[in-house]
Amino acid sequence: MEVDFLFKIGDNIVYPMHGVGTIKAIEDKEISGKKQEYYVIKMLISNMQVMIPTGKILSSSIRPITDIMALKHIIHIFQDEESDKDLPWKQRFKVNTDKIKTGLMQESAEVVRDLKRMRKEKALNTSEKKMFDNTHEFLISELKLIKGITEKQIKIFS
């Protein structure tokens, strides 16, 4: 029986809350008596290996690397759109966490943009600083894998 996979070995992907990774294998594994096919993903930043059942890949919000066309829209958001600075920090933290969990580059770029702007006005609390550092690192790691992107475009996000 031949199965069509969403991703193939060697594909670069983004796994929300974990960053950029590469599909290293598609393997059959038996875990807790249940045999399933799994994507084996090597996460680039943490050097961790993750296994996700092929049937759960869509619900995990894993996605391919953004392309250069989508990046132009994201650059506009990052440079020009307004931030919502009026939220209390706990509410802002939840909103930002929800954005990151979507796995969308646009949402992550908004989080980085907003926290970067806030950081210029006052020091971020520990939770927001960690969120900024992680999200920024994930964003930059994805940008470096987009075909056709220039160093100048990457620096916009730094």
Side-chain angles (χ1 to χ4, degrees), residues 6-7 11-24 31-32 36 38-158:
L6 184 60
F7 299 107
D11 284 353
N12 291 316
I13 55 89
V14 176
Y15 187 6
M17 306 296 288
H18 297 280
V20 175
T22 302
I23 306 290
K24 291 297 183 185
I31 298 178
S32 301
Q36 287 186 320
Y38 289 84
Y39 284 106
V40 179
I41 305 167
K42 177 76 169 183
M43 303 309 298
L44 300 181
I45 293 174
S46 64
N47 214 19
M48 170 176 65
Q49 183 172 291
V50 177
M51 292 176 49
I52 303 201
T54 56
K56 300 212 178 202
I57 203 78
L58 292 175
S59 64
S60 69
S61 297
I62 289 178
R63 64 169 174 80
I65 298 294
T66 300
D67 65 15
I68 194 73
M69 296 308 291
L71 180 63
K72 295 186 186 307
H73 176 68
I74 292 165
I75 289 172
H76 168 74
I77 288 169
F78 198 81
Q79 291 180 320
D80 300 328
E81 289 191 12
E82 288 297 314
S83 302
D84 185 4
K85 300 182 249 179
D86 297 333
L87 294 175
W89 88 264
K90 283 185 181 182
Q91 189 177 356
R92 185 175 58 242
F93 187 82
K94 182 182 180 339
V95 166
N96 285 340
T97 300
D98 291 344
K99 284 182 178 183
I100 295 166
K101 284 181 180 179
T102 68
L104 299 173
M105 187 181 208
Q106 174 181 337
E107 300 282 321
S108 293
E110 288 176 7
V111 171
V112 170
R113 174 201 65 202
D114 293 348
L115 292 176
K116 185 176 181 178
R117 288 176 181 172
M118 285 184 59
R119 192 177 65 174
K120 287 180 180 178
E121 295 174 14
K122 61 179 181 171
L124 298 175
N125 66 42
T126 306
S127 298
E128 286 184 315
K129 182 177 179 349
K130 184 176 179 182
M131 176 183 279
F132 172 79
D133 291 342
N134 289 340
T135 308
H136 185 253
E137 185 176 18
F138 295 161
L139 183 64
I140 296 299
S141 67
E142 180 175 3
L143 289 170
K144 289 179 179 179
L145 294 176
I146 296 174
K147 292 181 184 355
I149 192 170
T150 65
E151 284 295 319
K152 184 178 178 183
Q153 289 170 314
I154 291 175
K155 287 184 184 199
I156 291 169
F157 296 93
S158 293

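Atoms NZ and CZ, on K129 and R119 in that order, are 7.5 Å from each other to the nearest 0.5 Å. Interatomic distance, T22 OG1 to F7 CZ, rounded to the nearest 0.5 Å: 11.5 Å. Put simply, OG1 on T97 and CZ on R92 are 11.5 Å apart, with the number rounded to the nearest 0.5 Å. Taking CD of E151 as the reference point, atom NZ of K155 lies at 6.5 Å (rounded to 0.5 Å). Within the model, atoms CG of L71 and CD1 of I146 stand 4.5 Å from one another, a figure rounded to the nearest 0.5 Å. Rounding to the nearest 0.5 angstrom, the gap separating the CD1 atom in I74 from the CD atom in E107 is 10.0 Å.
Taking 4.5 Å as the limit, every side-chain heavy atom of Q36 sits out of range of all side-chain heavy atoms of I31. No side-chain heavy atom of T135 sits less than 4.5 Å from a side-chain heavy atom of L115. At a threshold of 4.5 Å between non-hydrogen side-chain atoms, the residues D98 and T102 do not count as touching. S141 has its side chain within reach of I45: a pair of non-hydrogen atoms, C-beta onward, lies under 4.5 Å apart. Within the 4.5 Å cutoff, side-chain heavy atoms of Q49 are placed close to those of V40. Using a 4.5 Å heavy-atom threshold, the side chains of T66 and V14 count as separate. No side-chain heavy atom of L44 sits under 4.5 Å from any side-chain heavy atom of K144. In this structure the side chain of L143 reaches within 4.5 angstrom of the side chain of M105, judged on heavy atoms.
Nearest heavy-atom pair across M118 and L124 is CB-CD2, 3.9 Å. Scanning both residues, I57 and S60, for their nearest heavy atoms gives O-OG, 2.6 Å. Here the closest non-hydrogen pair linking G19 and M43 is O-CE, 3.4 Å. The heavy-atom pair separating G103 from P16 by the smallest distance is CA-CG, 3.3 Å. When every heavy atom of I65 is checked against every heavy atom of I13, the shortest pair comes out as CD1-O, 4.0 Å.
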message = One pair to check against side chain to side chain contact (heavy atoms under 4.5 Å, CB included): S108 and F138. What are the steps and the verdict?
response = CA-CA 9 Å; S108 293; F138 295 161; over 6 Å; no
message = With side chain to side chain contact (heavy atoms under 4.5 Å, CB included) as the criterion, how do F132 and V112 come out once you've worked through the C-alpha distance, each side chain's angles and the decisive distance to 0.1 Å?
response = CA-CA 6 Å; F132 172 79; V112 170; 3.8 Å; yes
task = Apply side chain to side chain contact (heavy atoms under 4.5 Å, CB included) to the pair L6 and Y39, showing each step before the final yes or no.
result = CA-CA 10 Å; L6 184 60; Y39 284 106; 3.9 Å; yes
ask   = Can you list the steps and then say if N134 with I100 is a side chain to side chain contact (heavy atoms under 4.5 Å, CB included)?
value = CA-CA 10 Å; N134 289 340; I100 295 166; over 6 Å; no
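Counted within 6.0 Å of NZ on K42, heavy atoms from surrounding residues, nucleotides or ligands total more than 12; the atom is thus considered enclosed.
In this pair, Y15 and H18 present their aromatic rings tilted. The plane angle is within the 30 to 60° band.
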